[in-house]
Amino acid sequence: MSVEKLLAALGAEEVARERAILEEAQERAARILSKAGQEAQALHREADQRKGELASRFSAREEAGKKISARKRLLHAQDAGISALRGACRSHYRQFMNTPSYLFFLALEMEKVKGEMGPPGEIRADPKTASCLRAIGVEGIIVEETGLDGFVAVDGEGRRRMYCTFDSRLEKLWK
């Protein structure tokens, strides 16, 4: 074999080896690129999934906020309605306090007080109720300008109280 043929054979071998190395490098690069593409797609899918979850949570939070706001509006409306009803009831009760029937009503209330705790040691009443109680013979009344709309009876020992006021009656009826 001549040197030229030997050099040509070595050159061809070298070219074949370089091609093999290049092909192997290209295959590895393709696999790496393919794997990176798959990982990128997986990351994109995960990001999209998380975006969806966040959007769902945000939507649920928004809905909850709307429900809370609606409940607050309802509670405010109910409170306003209750206040208006309470005011109307108080107004009607005060009108009743100016009728002769109020004297009979107070006499019945005093009988209940005496039946439950004996003769009261102290009675606190608003001015109108105090004058009505005096008219039916009750003595020892302390007049309070606090808007009781009725009276509070305390036993002789100061331990028991009976509230015969508009507010106590309304509370009993309300329950």
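We're numbering straight along the sequence, starting at 1. Every heavy atom of this structure was used, including side-chain atoms; hydrogens, water molecules and symmetry mates were not.
- Taken together through direct or relayed side-chain contacts under 4.5 Å among Ile, Leu, Val, Met, Phe, Trp and Tyr, M97 and L103 form part of one hydrophobic cluster.
- There is no side-chain donor-acceptor pair under 3.5 Å between Y163 and R169.
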Just do the side-chain contact (heavy atoms from CB on, under 4.5 Å) check on D167 and R90 with the steps written out, would you? CA-CA 9 Å; D167 290 320; R90 185 177 298 278; 2.7 Å; yes
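- Judged purely by atom type and a 3.5 angstrom limit, D149 has no side-chain atom pairing as donor or acceptor with the backbone of T165.
- Of all non-hydrogen atoms in C164 and V113, the two that sit nearest each other are SG-CG2, 4.0 Å.
- Partners of I82 by side chain to side chain contact (heavy atoms under 4.5 Å, CB included), not counting sequence neighbours, listed by chain and number: W174.
- R50 and E53 are not joined by a salt bridge, as no carboxylate oxygen comes within less than 4.0 angstrom of a charged side-chain nitrogen.
- Atom CD of E139 has 12 or fewer heavy atoms from other residues, nucleotides or ligands within 6.0 Å.
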Please report, to 0.1 Å, the donor-acceptor pairs under 3.5 Å made by any side chain of residues 34-45, with sequence neighbours excluded.
none

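- Interatomic distance, CZ of R57 versus CD of E62, reported as 15.5 Å (0.5 Å rounding).
- Linking Ile, Leu, Val, Met, Phe, Trp and Tyr whenever their side-chain heavy atoms come within less than 4.5 Å leaves L170 and L108 in two separate clusters.
- With rounding to the nearest 0.5 Å, the separation of CD1 in I123 from CE in M110 is 3.5 Å.
- The distance from the NZ atom of K128 to the CZ atom of R94 is 13.0 Å, given to the nearest 0.5 Å.
- To the nearest 0.5 Å, atom OG of residue S168 and atom CE of residue M162 are 9.0 Å apart.
- Looking at heavy atoms from C-beta onward, V154 lies out of side-chain contact with R124 at the 4.5 angstrom threshold.
- Closest of all the heavy-atom pairs between I141 and A125 is CG2-CB, 4.0 Å.
- Of the possible donor and acceptor atoms, one in the side chain of S69 sits under 3.5 Å from a partner among the backbone N and O of G65.
- A 4.5 Å side-chain heavy-atom check between R71 and K66 finds every atom pair outside the cut-off.
- Inter-residue side-chain proximity for V138 and R134 is flagged as unmet; no heavy-atom pair is nearer than 4.5 Å.
- Sequence neighbours left out, the pairs with a member in residues 101-151 that pass ring-ring contact (aromatic ring centres under 6.0 Å, His included) are F96-Y102, F96-F105.
- Distance check: L106 CG to S131 OG gives 9.5 Å after rounding to the nearest 0.5 Å.
- Distance check, rounded to the nearest 0.5 Å: CE of M117 to CD of E157 gives 10.5 Å.
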Test side-chain contact (heavy atoms from CB on, under 4.5 Å) on E145 and V143; report intermediate values, then the result. CA-CA 7 Å; E145 300 288 337; V143 178; 4.1 Å; yes
